[in-house]
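Proteins get letters first, then strands, A, B, ... in listed order; numbering begins at 1 in each.
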Protein chains: 4
Amino acid sequence: MQPTRSFASDNNAGVDPEVLEAIARANQGHVVGYGEDVYTRSAEALFRKHFGEAVEVFFVFNGTAANCLSLKAVTDSYHAVVCAEAAHIYVDECGAPEKFLGSKLVPVPTENGKLTVEAVRSRYHGIGVQHHVQPRVISITQATEVGTVYQPEEVASLSRFAHDHGMFLHVDGARIANAAASLGAGLREVTGDLGVDVLSFGATKNGALGAEAVVFFRPELAANFKFYRKQGMQLASKMRFLAAQFEALLGSDRWLRNAQHSNRMAQLLKQGVSKIPQVKIVYEVEANAVFAQVPRHRIRQLQDRYFFYVWNEAESVVRWMCSWNTTEQDVEEFLEFIRRNL
Amino acid sequence: MQPTRSFASDNNAGVDPEVLEAIARANQGHVVGYGEDVYTRSAEALFRKHFGEAVEVFFVFNGTAANCLSLKAVTDSYHAVVCAEAAHIYVDECGAPEKFLGSKLVPVPTENGKLTVEAVRSRYHGIGVQHHVQPRVISITQATEVGTVYQPEEVASLSRFAHDHGMFLHVDGARIANAAASLGAGLREVTGDLGVDVLSFGATKNGALGAEAVVFFRPELAANFKFYRKQGMQLASKMRFLAAQFEALLGSDRWLRNAQHSNRMAQLLKQGVSKIPQVKIVYEVEANAVFAQVPRHRIRQLQDRYFFYVWNEAESVVRWMCSWNTTEQDVEEFLEFIRRNL
Amino acid sequence: MQPTRSFASDNNAGVDPEVLEAIARANQGHVVGYGEDVYTRSAEALFRKHFGEAVEVFFVFNGTAANCLSLKAVTDSYHAVVCAEAAHIYVDECGAPEKFLGSKLVPVPTENGKLTVEAVRSRYHGIGVQHHVQPRVISITQATEVGTVYQPEEVASLSRFAHDHGMFLHVDGARIANAAASLGAGLREVTGDLGVDVLSFGATKNGALGAEAVVFFRPELAANFKFYRKQGMQLASKMRFLAAQFEALLGSDRWLRNAQHSNRMAQLLKQGVSKIPQVKIVYEVEANAVFAQVPRHRIRQLQDRYFFYVWNEAESVVRWMCSWNTTEQDVEEFLEFIRRNL
Amino acid sequence: MQPTRSFASDNNAGVDPEVLEAIARANQGHVVGYGEDVYTRSAEALFRKHFGEAVEVFFVFNGTAANCLSLKAVTDSYHAVVCAEAAHIYVDECGAPEKFLGSKLVPVPTENGKLTVEAVRSRYHGIGVQHHVQPRVISITQATEVGTVYQPEEVASLSRFAHDHGMFLHVDGARIANAAASLGAGLREVTGDLGVDVLSFGATKNGALGAEAVVFFRPELAANFKFYRKQGMQLASKMRFLAAQFEALLGSDRWLRNAQHSNRMAQLLKQGVSKIPQVKIVYEVEANAVFAQVPRHRIRQLQDRYFFYVWNEAESVVRWMCSWNTTEQDVEEFLEFIRRNL
């Protein structure tokens with residue numbers, strides 16, 4: 001029998017009940033579509049409260065879109081986006097950025113999922129040369145795809161490099177709440193205050209039904225964004241129901257509690273796993289993910305009951321994610337199951 | 001004071017409570033993302049029940065995407081899509097089809113929103129000539145943008161023309177339920193049985209929170225569709241909550257009752273309006289829309305209380321839409337308001 | 001037996017011998033590629049001489065590219081290009097603009113191939129509305145596809161409208177030399193001085209082997225153009241041989257003499273045709289084209305010896321083009337042949 | 001004073017006089033445009049003679065286009081093209097492939113510019129998984145960007161891997177003549193006979209004015225190519241003058257003699273350089289390029305007289321190319337100059 005909650009992905013968790021309630025509350029009468037409604041206005045105000053009065057925010061359906069549209073706003077087709085080799089935009093979006101932007105993504109190997117100024121610098125060349133794509137954006141993922149978290153000074157140094165070189169800093173924040181919780185800092189402190197130009201704000205993994213936002217810290221970058229969103233097939237007619245999801249998460253400290261909780265579950269899992277000699281933690285556990293090297297011949301058996309993804313076949317590394325509704329008991333049972341099956 | 005329910009658009013109505021309940025029911029435990037879950041399987045089965053065992057179906061977020069992705073599946077960039085001049089894909093999607101397909105849409109003037117074989121034939125030329133885009137798809141909207149409904153034989157003759165000339169027939173079915181209700185026929189009878197190749201199935205205007213589907217009647221056309229959907233930024237991680245919406249509408253006769261209701265409200269509105277001498281109905285009322293010519297200098301005054309869209313500025317024609325939750329009382333009050341303000 | 005020279009198209013004529021000589025002259029030693037050579041510098045200087053010191057010019061291979069790249073420089077994907085229904089960019093480029101720009105071309109019917117301010121104004125709407133493509137460019141063809149020529153005040157009024165409405169004026173100048181010759185004016189007088197923002201300058205039909213140029217009258221529009229050209233697959237490695245072609249034509253009055261000659265041949269043809277009662281001239285002959293309505297059942301017979309294109313099947317209208325090397329004798333023989341075969 | 005002929009690039013050399021003569025010979029009377037002429041037919045026949053009766057061939061303006069259009073013919077937007085990290089399509093075309101295909105290029109590091117089956121296999125994963133681009137083409141450059149040449153068995157093993165895995169093998173043959181000359185084999189023997197599916201055939205570096213061809217070894221792949229070429233802005237109106245260039249090179253053994261000559265000059269240069277102790281040859285000299293590590297502080301001085309490109313700044317490696325008209329004396333003088341300036 002499968003467990004109720006797995007460790008496969010934080011998007012396998014359902015919807016936070018408070019989000020569903022907010023959706024139901026927004027379901028009153030007719031309101032004008034496409035974002036010209038009070039629910040959307042209210043949710044936008046919440047973003048300004050969290051991220052600063054100057055931000056411009058737009059709601060979209062999913063993370064692929066938040067990333068592609070963010071990048072479209074700051075690139076032309078001959079530009080290049082420098083990102084980690086393991087970046088979701090590079091690996092997991094079926095070429096959506098290349099298709100939508102017409103641009104090249106330039107991958108850089110990393111040790112722990114984090115870009116460094118040194119690494120970006122190695123891809124900064126051919127400036128002004130017509131044969132070469134022109135580096136225009138540094139895109140980082142926070143928390144990273146391997147569960148690590150950029151320190152504020154790391155982000156700040158990347159934004160400084162970007163701005164010194166006519167580039168922009170984009171953050172794929174599918175798990176930005178987890179990063180903020182991990183750093184014990186506010187959402188603005190880990191983004192705009194560090195020089196981030198545009199953020200893909202992730203709510204879906206934080207407990208939403210399905211909603212993400214594009215946040216511009218320099219409003220002039222948002223000037224034409226509404227057209228990109230529509231042309232990018234991401235304008236919701238019943239926008240109020242995207243807005244309501246943000247209302248539920250950002251209108252209280254719900255976003256933070258959900259993120260703290262999943263991070264704490266990952267720590268619990270890590271502590272348990274650390275005591276199992278056959279398993280080796282391979283990345284720092286700084287958000288809600290645990291990456292572990294496990295005996296290759298046991299993986300299938302573990303997956304049979306607890307489905308999860310193999311991250312690196314060659315190295316026999318697997319990924320275990322904790323979510324906003326993972327319980328301590330879930331972790332305990334999973335640990336017990338691992339112990340018994342290794 | 002604004003009324004609770006307007007006649008601006010059927011997407012201004014909220015979510016059918018049965019849809020919200022289905023979403024809540026699907027919110028149990030963890031399930032794998034991206035469509036490999038039991039809720040999605042179940043909703044897909046419902047589509048096969050309604051449309052035939054051979055169909056392939058894919059869920060997406062909105063109508064723009066359903067249309068663009070449908071068309072992408074049956075075109076290459078040098079193809080052309082023939083559509084009505086008033087087609088939503090031509091007028092109202094900010095160039096999304098051109099951007100995503102790289103193709104030309106060829107608009108044809110119509111009298112009542114309906115393409116005819118004769119009109120399509122006038123755009124069928126330059127075949128095999130390298131200088132010209134190659135006609136590949138006929139795209140019709142059912143019910144049309146002006147509230148008319150194609151008769152079955154009209155659709156069948158278009159599909160015959162398409163297939164005789166190496167083309168496909170696509171239906172933008174944002175209001176396909178209204179068309180089926182209007183024709184007193186089943187969903188399959190008004191689509192696949194008439195030779196439709198691919199359908200954008202609209203649920204949002206039928207009472208969903210936000211969900212549309214692409215239905216292929218020839219499975220071979222769907223072979224690569226999952227990649228187009230992902231690359232088109234339309235793959236939902238928490239797919240079960242799209243699926244649940246279809247479950248609510250298609251798992252009972254809810255889709256039909258909602259459509260019948262909004263159609264009936266439009267008839268009621270039409271009957272009332274017909275008795276107002278200053279207002280002239282300009283298109284047959286066959287679905288849930290009433291298009292009327294009203295005295296130009298009164299429009300603003302009407303809009304002040306009942307927001308609605310002017311369809312044709314030059315002709316002083318306005319659009320009034322009825323929705324799944326428009327009430328008889330709403331219609332009566334609106335009629336009374338019109339009468340008093342003309 | 002086919003005649004040596006036909007009236008099918010001005011691109012059926014070969015290369016002006018002076019162009020071939022210029023190419024041969026440029027074939028000395030090694031020079032750096034991609035436009036950083038003295039031949040290219042010299043040809044660029046000629047463009048500044050003809051069009052004004054402020055222009056920026058870039059050489060490309062053909063007219064499709066000159067048009068698409070011109071438009072790319074002044075549009076974003078959500079923009080629209082308003083053009084005549086008969087415009088080459090709309091009809092004859094296999095959707096290249098839609099593919100390269102991701103944008104919509106908005107066709108406007110015309111009586112004589114010429115856009116008017118009134119016609120453009122009818123397509124100027126939906127400004128700032130996210131659902132609609134945003135009109136950004138007026139694109140006209142000078143001389144037009146039907147052999148008419150915009151008067152200076154007509155161009156000026158279009159540029160004023162454009163600039164008053166945040167738009168640009170593009171000229172497809174595949175036959176701009178013919179237009180200038182027809183108007184008895186200089187190249188700058190018929191373009192930049194009238195407010196044209198960007199020009200596709202055609203040399204191929206004027207006697208070149210194959211070379212076109214994009215001329216920007218507002219240098220800031222050219223800022224990123226070198227990247228568009230390269231990414232658009234239009235950067236020649238042996239650029240000097242494109243440059244040499246412009247040198248031959250623009251370095252003397254050769255461009256003008258060639259244009260004047262082909263225009264004069266068209267007048268000769270028109271005069272002869274006017275005396276043939278079964279043939280009716282349908283557009284003003286203002287450049288190097290004669291459009292005539294001829295008895296339908298005779299067209300094939302005429303084409304058998306003198307290949308030419310039917311312009312409008314329904315109206316039985318054909319197109320006869322004169323070129324830089326059409327001779328008076330060619331015209332006389334063609335007229336004699338028509339007379340004998342009607 | 002600059003020397004007449006440099007070692008910067010084989011495209012810095014001019015046009016082979018025999019090519020110019022062929023162009024002049026083709027300049028007789030009017031011929032129909034866009035490739036429906038006898039010159040084009042004749043040149044196409046020459047390709048069939050060299051490459052086999054079944055090939056389909058299309059002429060384009062430059063190498064960027066030959067590559068992008070070749071790839072377009074065998075990909076959909078969600079596909080990936082696996083290529084060497086140093087591949088011209090990856091590095092030197094300003095993102096043209098990404099823009100035109102909407103696809104991802106997947107770079108693989110190589111030791112000597114050559115892809116191996118093992119390297120390609122490392123990028124062959126995620127098959128059928130909707131999140132990932134689908135590997136569809138292996139693209140190799142022959143001769144490679146670093147002057148090495150794939151042995152026939154190396155190409156054959158790559159084509160076997162491709163075909164066993166539902167992929168195609170594309171060859172960027174900007175210098176395919178040099179490769180054939182180096183291998184002492186015919187053009188077909190080094191391409192179609194080894195399982196190559198589509199070839200970018202380079203004539204420009206072989207002495208043409210500017211002409212490349214796309215050669216399909218499986219005619220079914222060419223079915224829609226004429227539309228891609230036109231939509232890709234690469235259809236020449238005066239096609240006969242592209243055709244004439246191929247006539248000159250392929251109608252005799254001129255293509256081979258030019259290639260042999262430039263290869264021989266590279267050998268001469270290599271032999272001379274090998275005796276200069278401060279200079280180290282870094283790649284096998286198998287075609288017409290010599291890559292050498294030279295003392296960093298001397299590079300500028302050398303470039304002042306003999307302009308050439310630095311290939312790898314970090315390693316102080318430079319590239320010297322020999323062309324069809326490089327003379328033994330050029331090589332001797334260059335060697336003498338190097339010796340005197342190190």
Side-chain angles (χ1 to χ4, degrees), chain A residues 2-9 11-15 17 20 23-24 26-34 37 60-69 93-96 98-100 204-205 208-210 226-242 307 323 325-326, chain B residues 2-9 11-15 17 20 23-24 26-34 37 60-69 93-96 98-100 204-205 208-210 226-242 307 323 325-326:
Chain A
Q2 303 291 308
T4 302
R5 284 174 294 276
S6 76
F7 294 83
S9 174
N11 65 32
N12 287 11
V15 189
L20 278 189
I23 287 174
N27 195 25
Q28 305 299 325
H30 284 204
V31 305
V32 69
Y34 304 112
D37 63 277
V60 299
F61 295 116
N62 68 357
T64 308
N67 286 333
C68 291
L69 291 173
E93 290 175 354
C94 198
E98 286 90 345
K99 173 81 170 71
F100 192 62
T204 308
K205 292 184 167 82
L209 185 151
K226 66 179 175 182
F227 299 111
Y228 295 137
R229 178 173 61 176
K230 175 70 184 188
Q231 199 179 34
M233 310 185 265
Q234 289 287 325
L235 180 63
S237 57
K238 297 182 176 176
M239 184 71 85
R240 55 172 146 168
F241 301 113
L242 294 187
F307 177 71
S323 75
N325 70 356
T326 301
Chain B
Q2 303 292 308
T4 304
R5 284 175 293 277
S6 77
F7 293 83
S9 174
N11 66 33
N12 287 11
V15 188
L20 277 189
I23 288 174
N27 195 23
Q28 306 299 325
H30 283 204
V31 306
V32 69
Y34 304 111
D37 63 278
V60 299
F61 295 117
N62 68 358
T64 308
N67 286 332
C68 291
L69 292 173
E93 288 174 354
C94 199
E98 285 90 345
K99 173 81 169 71
F100 192 62
T204 308
K205 292 185 168 79
L209 186 151
K226 66 179 176 183
F227 299 111
Y228 294 138
R229 179 173 60 178
K230 177 70 184 186
Q231 199 179 32
M233 310 185 263
Q234 288 288 326
L235 181 62
S237 58
K238 298 183 176 176
M239 185 71 84
R240 56 172 146 167
F241 301 114
L242 294 187
F307 178 70
S323 76
N325 70 354
T326 302

Grab the two heavy atoms, one from Ala13(A) and one from Lys238(B), that are nearest each other, plus how far apart they are.
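Shortest heavy-atom separation between Ala13(A) and Lys238(B) comes out as O-CE, 3.2 Å.
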Determine the option with the most heavy-atom pairs under 4.5 angstrom with chain B, choosing from [options].
options                                  : value
Thr326(A), Thr64(A), Ile23(A)            : Thr64(A)
Ala65(A), Pro17(A), Gly210(A), Gly232(A) : Ala65(A)
Met233(A), Lys205(A), Arg240(A)          : Met233(A)

Proximal component of [X], with respect to chain A [non-hydrogen, under 4.5 Å]:
X         : result
Ala26(B)  : neither
Gln234(B) : both
Ala24(B)  : both
Phe241(B) : side chain

Just how far is it from atom CZ of Arg229(A) to atom SG of Cys94(B), taken to the nearest 0.5 Å?
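Spacing of CZ (Arg229(A)) from SG (Cys94(B)) equals 11.0 Å.
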When rounded to the nearest 0.5 angstrom, what distance separates NZ in Lys230(B) from CG in Asn62(A)?
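The distance works out to 7.0 Å.
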Check: Lys99(B) side chain, Phe100(A) main-chain N or O, donor-acceptor pair, under 3.5 Å:
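It does hold such a pair.
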Can you tell if the side chain of Val60(A) reaches within under 4.5 Å of the side chain of Phe61(B), non-hydrogen atoms only?
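Result no, sub-4.5 Å side-chain heavy-atom pair not found.
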Under a 4.5 Å heavy-atom cut-off, does chain B meet the side chain of Leu20(A), its backbone, both or neither?
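Answer is side chain: those atoms of Leu20(A) sit under 4.5 Å from chain B.
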